[in-house]
> 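Dumping the structure here so I can ask a few things about it.
Lettering follows sequence order; numbering is per chain, from 1.
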There are 2 protein chains.
Amino acid sequence: MQQVTPGVSLTAQVTDMLRAAITSGEMTPGEHYSAIGLAERLGVSRTPVREALQLLEKEGIVRIEKNRGVRVLQISLDEIVQIFQIRILLEPPAAARAAEMVTKHELAHFRELHGRILDAAAADDGPGTLQADKEFHLFLMGLAGNPRLTALDGELRNLVLAQGLVTIPSIRSSQDLADDRRGILDALERQDPLAASAAVREHVTRTARLLISGVCAKTPGLSSDAYLAKLDQLTKLRT
Amino acid sequence: MQQVTPGVSLTAQVTDMLRAAITSGEMTPGEHYSAIGLAERLGVSRTPVREALQLLEKEGIVRIEKNRGVRVLQISLDEIVQIFQIRILLEPPAAARAAEMVTKHELAHFRELHGRILDAAAADDGPGTLQADKEFHLFLMGLAGNPRLTALDGELRNLVLAQGLVTIPSIRSSQDLADDRRGILDALERQDPLAASAAVREHVTRTARLLISGVCAKTPGLSSDAYLAKLDQLTKLRT
DNA sequence: TCAGGATGAGTAGCATGCAACAGGTTACTC
DNA sequence: GAGTAACCTGTTGCATGCTACTCATCCTGA
């Protein structure tokens with residue numbers, strides 16, 4: 001965990017650093033930490049750490065336990081499903097709108113981002129792939145013209161990423177995800193809202209399925225069927 | 001603004017009290033306040049107030065300006081539209097799921113809540129109506145079995161309520177909203193997901209239209225057409 | 001041996017002190 | 001009189017002291 005740089009709000013810096021520490025696995029879910037200890041590790045006082053922890057608690061990443069310390073939340077499979085249920089509600093319509101609105105210039109940027117994902121993946125650069133993927137999604141959501149939606153969705157994605165569950169189970173799955181993105185890009189190029197929506201939905205659903213199966217495989221006695229079924233619970237209707 | 005009660009976390013209490021003060025119009029959007037002043041009014045020290053303000057800032061209700069104080073954010077019409085765009089994505093599917101899942105017991109509770117809304121409205125009890133309406137919505141969303149979705153949607157609703165824009169423009173509109181709720185209740189009674197979804201969508205859309213028209217009417221030179229059109233932008237497609 | 005209470009270590013929650021900073025006002029210089 | 005610099009007021013940001021609380025351990029007494 002690095003040290004702080006003066007000039008910027010400490011609370012904000014500490015929030016980011018703690019979030020990064022959790023995402024990177026430096027702080028592990030389920031573990032207990034104390035604000036005092038974290039403050040010492042970061043070389044700041046307890047106050048900004050405490051405030052950062054409260055913000056992270058509001059995000060749902062940690063839980064503050066009175067007089068006991070703070071616990072990095074182990075997100076449950078149930079919650080993963082909840083998050084993806086929401087993402088499946090939000091992202092496909094946003095992608096459809098994006099496909100309607102996208103300009104030539106923005107398409108070029110999409111191609112570049114897509115290239116960066118492929119390059120990073122080819123170079124086996126996990127964090128790089130993740131970062132490029134993040135930017136791809138953010139840019140896509142941004143085109144829907146609803147900044148609040150973009151921010152919201154980004155937070156939901158962060159929540160899952162914070163778990164360090166991002167280890168793609170297999171080459172095959174990784175290839176599938178890449179194909180999905182290709183499909184999204186194609187739909188955007190054709191400015192086809194329905195196709196974009198479907199492609200994004202497919203992509204998000206696949207990501208969710210991979211995560212769910214992965215967690216279930218690691219946890220004996222846990223069947224993925226119920227969770228997989230729940231995924232489409234809110235979206236199975238054509239309302 | 002009432003005083004605090006011991007035993008519960010001050011920060012949490014202060015957060016709620018400030019939110020309530022904003023919603024009730026006691027603190028007005030656009031106005032400047034200081035943490036010191038608020039702390040004195042509430043009879044607590046600056047720390048819990050400061051922490052509460054940071055949480056409210058994360059919710060998007062206020063902005064903390066360094067060394068200048070805090071400003072209750074005047075939400076723009078654009079942002080109102082954004083919020084309702086999201087709500088229209090989230091609430092109808094949740095209502096559909098709720099209609100599938102609702103039990104007799106829960107239906108009875110719905111009827112009671114609905115009755116409370118009507119009673120409060122008949123008694124011209126604005127805050128009471130609001131509170132009952134809030135509970136009605138929360139309970140409805142809760143039935144969808146996705147607590148995170150419920151919380152998220154509640155926050156979006158709060159954001160609009162925080163503006164004190166809740167003055168229903170006319171008796172007629174108020175009657176329309178009541179009819180909407182009746183429709184939602186009916187759909188639930190029939191356990192008809194499609195009808196519930198449509199009713200909720202109608203209700204949310206109507207609320208949004210009322211707000212948009214209201215704000216435009218109060219702001220000379222502002223046409224509501226563009227904003228109204230944007231409302232359905234993300235949902236016009238059957239994806 | 002075991003139950004139960006005392007105790008101590010560690011924690012968060014809150015109050016408060018202090019410094020840095022922004023903005024407006026005043027006073028001073030030219 | 002105009003422009004600028006000093007200052008004064010009010011504010012947040014952060015550090016730190018103190019209190020109340022939780023939990024685990026140990027000690028006591030039967």
> Classify the side chain of Thr47(A) versus the base of dT16(D) as yes if they form a donor-acceptor pair under 3.5 Å and no if they do not.
yes
> Specify the separation, in whole Å, of atom CZ of Arg71(B) and atom P of dT12(D).
13 Å
> Is the backbone of Arg148(B) close enough, under 3.5 Å, to the side chain of Gln82(A) for a donor and an acceptor to pair up by distance?
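Confirmed, Gln82(A) side chain pairs with Arg148(B) backbone.
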> Would you please confirm or rule out a distance under 4.0 Å between OP1 or OP2 of dG10(C) and any side-chain N or O of Ser34(A)?
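Checking dG10(C) against Ser34(A), no side-chain N or O comes under 4.0 Å of OP1 or OP2.
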> Would you kindly give the CD-to-P distance between Glu31(B) and dT11(D), to the nearest whole Å?
13 Å
> Round to a whole Å and report the spacing from CG of Leu42(A) to P of dA15(D).
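For the pair Leu42(A) CG and dA15(D) P, the rounded distance is 11 Å.
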> Could you work out which one of dA22(C), dC14(D), dA15(C) sits closest to the side chain of Val44(B)?
dA15(C)
> Just to be sure I understand the rule, does Ile36(B) reach a base, reach only the sugar-phosphate, or reach nothing, if contact means heavy atoms closer than 4.0 Å?
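Base, at least one base heavy atom under 4.0 Å.
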> Using a 3.5 Å distance criterion without hydrogens, assess whether the side chain of Glu79(B) forms a donor-acceptor pair with backbone atoms of Ser76(B).
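Flag set: sc Glu79(B) to bb Ser76(B) pair under 3.5 Å.
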> So, Asp119(B) and Arg116(B), do they make that salt bridge, N to O below 4.0 Å?
no
> Please verify the inter-ring angle class for Phe136(A) with His114(A); under 30° counts as parallel, over 60° as perpendicular, anything in between as tilted.
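Taking His114(A) first and then Phe136(A), their aromatic rings sit tilted (interplane angle of 30° to 60°).
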> In this structure, how many angstroms lie between the P atom of dA20(D) and the CG atom of Leu10(B), rounded?
14 Å
> Just how far, in rounded Å, is C1' of dG23(C) from CZ of Arg68(B)?
7 Å
> Mapping Arg46(A) and Thr11(A) onto DNA chain D by nearest heavy atom, which one lands closer to the 5' end?
Thr11(A)
> As a test of reading the structure: which of dA20(C), dC14(C), dT22(D) is closest to the side chain of Asn67(A), going by heavy atoms?
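Among dA20(C), dC14(C), dT22(D), the one nearest the side chain of Asn67(A) is dT22(D).
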> Donor-acceptor check, side chain of Glu135(A) to backbone of Leu113(A), threshold 3.5 angstrom: yes or no?
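It does not hold such a pair.
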> Whole angstroms only, please: what is the CD-C1' distance between Glu40(B) and dC14(C)?
16 Å
> Just the rounded figure in Å: distance from P of dG10(C) to OH of Tyr33(A).
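Spelled out: OH on Tyr33(A) to P on dG10(C) is 19 Å.
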> CD of Gln54(A) versus C1' of dT11(C): gap in Å, rounded?
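Value for this atom pair: 15 Å.
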